[in-house]
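Written below as structure tokens is the structure these notes are about.
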Amino acid sequence: MKGPVLEVRDLHVWFDGPGGRDVHAVRGVSFDVRPGDRLALVGESGCGKTTTVLAVLGLLGAAASVSGSVRVDGQEVLPGGDAAMAPYRWGDLSIVFQGALNALNPVRTVGSQIAEVLPRDRRVSRRAALRQAGELLERVGMAARNVARYPHELSGGMRQRACIAMALAGEPRVLFADEPTTALDVVVQAQILELLDRLADELGLAVVLISHDLGLVGQLCDRAMVMYAGRAVEEGPTVGLYTAPRHPYTRLLYEATPVLGAERPLRSIGGGPPALDVPLAGCAFRSRCPDTEDRCSLTEPALTPVAPARRAACHLTGRTP
Ligand SMILES: Nc1ncnc2c1ncn2[C@@H]1O[C@H](COP(=O)(O)OP(=O)(O)OP(=O)(O)O)[C@@H](O)[C@H]1O
Ligand SMILES: [Mg+2]
């Protein structure tokens with residue numbers, strides 16, 4: 001097996017919060033990404049998915065404090081701050097930002113926006129840059145002539161493809177796709193996932209899909225990390241997460257996910273995630289958990305192996321079916 005392109009260890013992120021109370025948005029996240037991987041970061045809104053990825057890319061800026069370790073090809077980059085990440089950003093690690101398809105500049109053609117993000121050494125002339133932009137559009141399943149069109153002339157699915165083309169401009173080895181199918185209909189959602197899958201095959205690209213939808217990630221990813229309140233609560237092959245979830249949050253998240261043809265009632269998860277601007281005592285999920293014991297309010301469970309390639313952070317995991 002090839003070594004990891006990216007190794008993230010014990011990543012923490014704090015934001016300056018109102019009234020001087022820091023928001024501890026990411027609390028000790030670790031994961032590896034290898035060439036060709038299809039990894040998912042899953043969890044409900046506010047659990048820290050986007051913050052994790054922006055911290056890895058060095059894009060959080062001065063409002064955040066980040067600690068831990070981020071290695072690209074074994075090279076530690078985190079202590080140098082955002083600037084140390086710059087040589088790896090876009091060329092090694094790239095991202096399709098959450099909501100990117102709505103952030104295209106409406107008064108500029110798609111081609112000129114893609115040309116702008118081409119690496120400087122490849123921007124020889126405007127004509128050559130537009131030709132390269134057209135090639136990138138073809139790579140994501142669009143005709144090259146779309147370089148001359150404006151965002152409003154494209155469907156939502158085509159705009160998202162254009163955003164993926166932009167993210168590929170630096171020939172990255174890892175592509176983070178942050179909620180790339182939100183706001184798209186189910187048919188187009190499936191097409192975007194197929195595209196990411198094909199790109200992973202054709203380019204040997206690793207894809208990290210960020211989503212709140214456990215059902216969706218199963219269509220693309222072989223491995224997932226389920227996040228809750230800034231931490232990983234379960235991780236392992238996606239198949240096992242559905243058939244035998246070992247953390248109650250994973251089970252409830254799956255039961256709250258509509259799956260076509262599944263003969264089961266849809267249940268919502270009561271309550272909400274804890275505030276992250278006060279220290280957490282015990283398990284962060286315990287106020288919403290159906291199976292708690294005294295020790296759940298005393299110590300936060302560590303992520304521990306529960307089966308081959310599976311880890312879960314639950315005091316009761318050994319007894320959870
Ligand atoms: N710039 C910021 N300043 C302060 N707090 C922030 C900032 N950005 C994010 N947060 C907080 O960090 C936590 C994690 O947010 P994040 O956007 O990473 O969640 P997410 O899992 O990507 O959610 P979603 O599914 O809604 O995109 C939230 O509590 C959020 O309010
Ligand atoms: Mg997000």
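Order of listing sets the numbers, starting from 1, for every ligand and every atom in it.
- At a threshold of 4.5 Å between non-hydrogen side-chain atoms, the residues F31 and V29 count as touching.
- Counting only heavy atoms of the protein, atom 25 (O) of ligand 1 lies nearest to K49 NZ, 2.8 Å.
- Panel note: side chain E234, backbone R311; no donor-acceptor pair is recorded below 3.5 Å.
- Contact annotation for atom 15 (O) of ligand 1: protein present (non-hydrogen atoms, distance under 4.0 Å).
- Salt bridge status for E153 with R145: absent, with no side-chain N to carboxylate O gap under 4.0 Å.
- Counting heavy atoms closer than 4.0 Å to ligand 1, residue H212 contributes nothing at all.
- Within a 6.0 Å radius of CZ in R126, no more than 12 heavy atoms belonging to other residues, nucleotides or ligands are found.
- For atom 22 (O) of ligand 1, the closest heavy atom belonging to the protein is T50 OG1, 2.8 Å.
- Salt bridge annotation for D291-R286: absent, with no cationic side-chain nitrogen under 4.0 angstrom from a carboxylate oxygen.
- A salt bridge does not link D222 to R38: none of the charged side-chain nitrogens sits closer than 4.0 Å to a carboxylate oxygen.
- With hydrogens left out, the protein atom closest to atom 18 (O) of ligand 1 is T51 OG1, 2.5 Å, a heavy atom.
- Under the side chain to side chain contact (heavy atoms under 4.5 Å, CB included) test applied with L216, the options D213, L214, L220 reduce to a single match, D213.
- The shortest N/O to N/O separation between G48 and ligand 1 falls below 3.5 Å.
- Below 3.5 Å of separation, one finds an N or O of C47 facing an N or O of ligand 1.
- Counting non-hydrogen atoms of other residues, nucleotides and ligands closer than 6.0 Å to CZ of R139 gives a total of 12 or fewer.
- Under 4.0 Å is where a charged nitrogen must lie from a carboxylate oxygen, and between D178 and K49 no such pair does.
- Each of R288, E44, H247 was compared with Y228 under the side chain to side chain donor-acceptor pair (under 3.5 Å) criterion, and only R288 meets it.
- For atom 30 (C) of ligand 1, the nearest protein heavy atom lies 4.0 Å away or farther.
- Of the options Y228, F15, W14, the smallest heavy-atom separation from atom 11 (C) of ligand 1 is shown by F15.
- Nearest protein heavy-atom contact of atom 27 (O) of ligand 1 is Q98 NE2, 2.8 Å.
- For atom 28 (C) of ligand 1, the nearest protein heavy atom (residue, atom name, distance) is G46 O, 3.7 Å.
- Under a 4.0 Å heavy-atom criterion, E179 is in contact with ligand 1.
- Geometrically, ligand 1 and D16 share no nitrogen or oxygen pair separated by less than 3.5 Å.
- Here the protein heavy atom with the shortest distance to atom 24 (P) of ligand 1 is S45 OG, 3.6 Å.
- If you check which protein heavy atom lies closest to atom 12 (O) of ligand 1, you get A25 CB, 3.3 Å.
- Seen from the Mg ion (ligand 2), atom OE1 on Q98 and atom OG1 on T50 lie at an angle near 90° (rounded to 10 degrees).
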